[in-house]
Amino acid sequence: MKLRYAMVCSSNQNRSMEAHSLLKREGFDVASYGTGQHVKLPGPSIREPNVYDFGTPYKHMFDDLRRKDIELYKRNGILPMLKRNLSVKLAPQRWQENAADGPFDVVLTFEEKVFDLVLEDLHNRDQVLLKPVLVINLEVKDNHEEAAVGGRQALILCQELEATENWEETIDDIINNFEKQHRRKLLYNISFY
């Protein structure tokens, strides 16, 4: 694979990790991140989320929620999701703290608010390499079913980008074809490292 990819959602748990898992399995050079202040997972009620710091290992979250209410977190899909996550990487990472990971060629976000935060962060960084980075938003609802569909579509989009000689010359066609084929509107922008 010739391009480096970053998958980004809010908490680096569901949408970005589903895509990360699929792309990794297909041999892509991929990483994933979240843009939120903390990692939030559903709790026993909407007013009682489980909140963790970025960098907290997925295994710790898995064990913590298993101890709290194994049946609830199995039933709502959180434990299986965390099990998948810990097979992909150690812990959720925050996008705004990833500069040391080096430049990416493509950043794929799954929510417009996250897309805006990624662009703002890239804009605020010192742009010394003047290396272009393509930032695309594929809007995906934050639930397990939609994340699975979104992950497969992210893989298809990345395969299209990987197959082109120079994405800068063909991005409009790639985006238009993807939108027609999948009936999903994409946002995209080009920033620089």
Side-chain angles (χ1 to χ4, degrees), residues 4-102 104 106-118 120-121 135-158 184:
R4 282 193 79 212
Y5 298 86
M7 305 292 121
V8 188
C9 66
S10 186
S11 286
N12 197 198
Q13 289 287 347
N14 187 26
R15 298 164 292 177
S16 63
M17 286 300 291
E18 178 67 26
H20 185 164
S21 178
L22 285 173
L23 268 74
K24 182 179 176 183
R25 228 177 302 140
E26 293 293 322
F28 283 81
D29 182 358
V30 62
S32 60
Y33 303 91
T35 57
Q37 293 298 318
H38 301 283
V39 173
K40 290 183 184 172
L41 293 171
S45 77
I46 198 147
R47 287 186 297 273
E48 301 174 86
N50 291 286
V51 180
Y52 301 95
D53 290 327
F54 279 95
T56 303
Y58 291 117
K59 177 84 169 100
H60 171 81
M61 295 177 208
F62 181 86
D63 292 342
D64 184 44
L65 297 180
R66 222 168 119 198
R67 193 176 58 254
K68 286 180 180 177
D69 189 339
I70 191 168
E71 290 309 314
L72 169 66
Y73 296 112
K74 261 189 195 174
R75 191 173 58 250
N76 68 9
I78 300 299
L79 290 179
M81 178 188 74
L82 288 169
K83 195 169 188 177
R84 176 210 54 214
N85 293 355
L86 60 91
S87 74
V88 174
K89 67 182 199 177
L90 177 67
Q93 297 167 273
R94 191 161 186 259
W95 168 263
Q96 294 88 332
E97 297 160 7
N98 85 341
D101 292 350
F104 292 95
V106 178
V107 177
L108 194 54
T109 65
F110 298 95
E111 184 178 338
E112 190 171 347
K113 176 180 77 171
V114 173
F115 175 78
D116 292 340
L117 287 167
V118 165
E120 179 184 331
D121 179 68
V135 183
I136 302 173
N137 185 64
L138 169 65
E139 195 71 26
V140 175
K141 284 187 182 144
D142 194 4
N143 65 51
H144 301 298
E145 296 76 25
E146 287 292 317
V149 171
R152 287 190 300 276
Q153 290 180 343
L155 174 61
I156 290 165
L157 183 56
C158 293
R184 287 191 104 131

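For the atom pair NZ (K24) and CG (D29), the distance works out to 11.5 Å, reported to the nearest 0.5 Å. Rounded to the nearest 0.5 Å, atoms CZ (R15) and OG (S10) are 6.5 Å apart. Note that the CG atom of L155 and the CZ atom of R25 stand 9.5 Å from one another [nearest 0.5 Å]. From Y5, atom OH reaches atom CG of L23 across 7.5 Å, with rounding to the nearest 0.5 Å. Separation of atoms CD (E146) and CG (N14) is listed at 10.5 Å; rounding is to 0.5 Å. From C9, atom SG reaches atom NE2 of H20 across 12.0 Å, with rounding to the nearest 0.5 Å.
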From CA spacing to verdict: salt bridge (Lys or Arg N to Asp or Glu O under 4.0 Å), K59, D63: CA-CA 6 Å; K59 177 84 169 100; D63 292 342; 3.0 Å; yes
Derivation of the side chain to side chain contact (heavy atoms under 4.5 Å, CB included) call for V106 and R4: CA-CA 6 Å; V106 178; R4 282 193 79 212; over 6 Å; no
Assess whether side chain to side chain contact (heavy atoms under 4.5 Å, CB included) is satisfied between V149 and V140, documenting all intermediate values. CA-CA 8 Å; V149 171; V140 175; over 6 Å; no
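Closest non-hydrogen pair, P42 versus Y73, comes out as O-CE2, 3.3 Å. Closest approach of A91 to G55, counting heavy atoms only: CB-O, 3.5 Å. V30 approaches M7 most closely through the heavy-atom pair CG2-CG, 3.9 Å. Nearest heavy-atom pair across Q96 and G34 is OE1-O, 3.8 Å.
Between P92 and M61, some side-chain heavy-atom pair lies under the 4.5 Å cut-off. You'll find the side chain of K83 reaches within 4.5 Å of the side chain of F62, heavy atoms only. V39 places none of its side-chain heavy atoms less than 4.5 Å from the side chain of V51. For the pair M17/S87, no side-chain contact is recorded, criterion being any heavy-atom separation below 4.5 Å from C-beta on. No side-chain heavy atom of I136 sits under 4.5 Å from any side-chain heavy atom of T109. Residues L79 and L65 have side chains in contact (heavy-atom distance under 4.5 Å, counting atoms from C-beta outward). The closest side-chain heavy-atom distance from L41 to Q13 is below 4.5 Å. The side-chain heavy atoms of Q37 and F54, taken from C-beta on, include no pair separated by under 4.5 Å.
With respect to the salt-bridge test (charged N to carboxylate O, under 4.0 angstrom), the residues D116 and K113 do not qualify. Residues K141 and E111 are not paired through a salt bridge, judged by the lack of any N-O separation under 4.0 Å between the basic side chain and the carboxylate.
Checked by atom type and distance alone, the side chain of R184 never pairs as donor or acceptor with a backbone atom of L138 at under 3.5 Å. When atom types are taken as modelled, the side chain of D69 and the backbone of L72 share a donor-acceptor pair closer than 3.5 angstrom. One N or O on the side chain of E139 and one on the backbone of E112 form a donor-acceptor pair closer than 3.5 Å. Remark: side-chain polar atoms of H144 are paired, donor with acceptor, to backbone N or O of N76 under 3.5 angstrom. In terms of modelled atom types and a separation under 3.5 Å, the side chain of N137 and the main chain of F115 share no donor-acceptor contact.
Classified by interplanar angle (parallel below 30°, tilted 30° to 60°, perpendicular above 60°), the ring pair W95/F104 is tilted.
In terms of the side-chain contact (heavy atoms from CB on, under 4.5 Å) criterion, residue partners of Q93 (sequence neighbours excluded) are, by chain and number, N12, Y33, K89, D101.
Defined by atom type and a distance below 3.5 Å, a donor-acceptor pair is missing between the side-chain atoms of S21 and E18.
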